[in-house]
Amino acid sequence: MIGGLGAVATFLASFSNNILTTTLLRSLYSFVILFALVFVFRWILGILLAEPSSETGQPSTPEEPARGQTIDLTTPDEPIAKSGDSSPSGRQSTEQEEDDGFAPLNPPKLATKDQVNSEELVKALRHLSEE
């Protein structure tokens, strides 16, 4: 249908400027190209929107989806903390954290520098202004 509409639109647009054989040839090209594009588009869309099915031909159940056809967007639950846990976050100890390959970042504390003498700042400014 889209190929036919494209061929008619091409015929009407090209008829006033070209001879009949050129117009018909361009309309045929338009029909073939649009038909092929729409055919490929519908085929790809059909593959993407098709429901996954098992090898028996029956639609797969939500408990048993076809392999490679679905994405599991759930995150796994965190492990339950043991009773001897002393940390509030549910992690056991630093030994287990090292076993897991995870260690929290402990950055050094920020400290302010001692205040610089104003005379030293003036000397540095004079030295830089001379260069």
Side-chain angles (χ1 to χ4, degrees):
M1 194 166 170
I2 292 178
L5 290 174
V8 169
T10 304
F11 181 82
L12 293 175
S14 178
F15 184 68
S16 63
N17 296 330
N18 297 309
I19 58 175
L20 184 60
T21 55
T22 304
T23 302
L24 289 174
L25 190 60
R26 289 182 180 173
S27 297
L28 178 67
Y29 291 157
S30 173
F31 173 79
V32 169
I33 291 171
L34 286 174
F35 180 81
L37 286 174
V38 171
F39 185 81
V40 169
F41 178 74
R42 284 188 62 195
W43 179 67
I44 291 172
L45 195 61
I47 289 174
L48 293 176
L49 296 180
E51 292 199 20
S53 61
S54 63
E55 292 155 7
T56 61
Q58 301 292 333
S60 60
T61 61
E63 295 81 33
E64 185 184 308
R67 188 174 282 184
Q69 296 293 319
T70 59
I71 299 173
D72 185 14
L73 297 176
T74 58
T75 56
D77 295 333
E78 295 215 9
I80 299 173
K82 294 183 181 178
S83 61
D85 189 11
S86 62
S87 66
S89 66
R91 303 290 272 169
Q92 287 185 1
S93 64
T94 56
E95 292 96 26
Q96 182 179 356
E97 290 174 359
E98 291 173 2
D99 292 342
D100 292 343
F102 172 79
L105 181 63
N106 293 324
K109 294 184 178 181
L110 298 176
T112 58
K113 272 187 154 183
D114 295 334
Q115 293 207 353
V116 182
N117 190 357
S118 60
E119 289 183 21
E120 291 178 16
L121 291 175
V122 171
K123 288 179 186 177
L125 184 62
R126 286 181 184 155
H127 177 70
L128 291 173
S129 64
E130 289 176 6
E131 293 175 2

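From a predicted model like this one, the values you see are computed outputs, not experimental measurements. Side chains are part of it too, since the values below use all heavy atoms of this structure and drop only hydrogens, waters and symmetry mates. Along the sequence shown, residues carry numbers from 1.
Both Ile47 and Val40 are assigned to one and the same hydrophobic cluster, defined by single-linkage of ILVMFWY side chains at heavy-atom distances under 4.5 Å. Cluster annotation: Val8 is connected to Leu20 through the hydrophobic network of ILVMFWY side chains, with a link wherever side-chain heavy atoms come within less than 4.5 Å. A continuous path of ILVMFWY side-chain contacts below 4.5 Å connects Trp43 to Leu48, so both sit in one hydrophobic cluster.
Taking CG of Leu5 as the start and OG1 of Thr10 as the end, the distance is 10.5 Å to the nearest 0.5 Å. Separating the CG atom in Leu25 from the CZ atom in Phe11 is a distance of 12.5 Å, to the nearest 0.5 Å. Of the inter-residue distances, the one linking Thr22 atom OG1 with Asn17 atom CG reads 11.0 Å to the nearest 0.5 angstrom. To the nearest 0.5 Å, the span separating CD1 on Ile33 from CG on Leu28 amounts to 9.5 Å.
When atom types are taken as modelled, the side chain of Ser30 and the backbone of Arg26 share no donor-acceptor pair closer than 3.5 angstrom.
Listed here is the closest heavy atom pair of Ala13 and Ser16: O-OG, 4.2 Å. Between Phe31 and Ala7, the closest heavy-atom pair is CB-CB, 3.9 Å. Summarising the geometry of Ile2 relative to Leu34, their closest heavy-atom pair is O-CD1, 3.9 Å, with the distance given to 0.1 Å.
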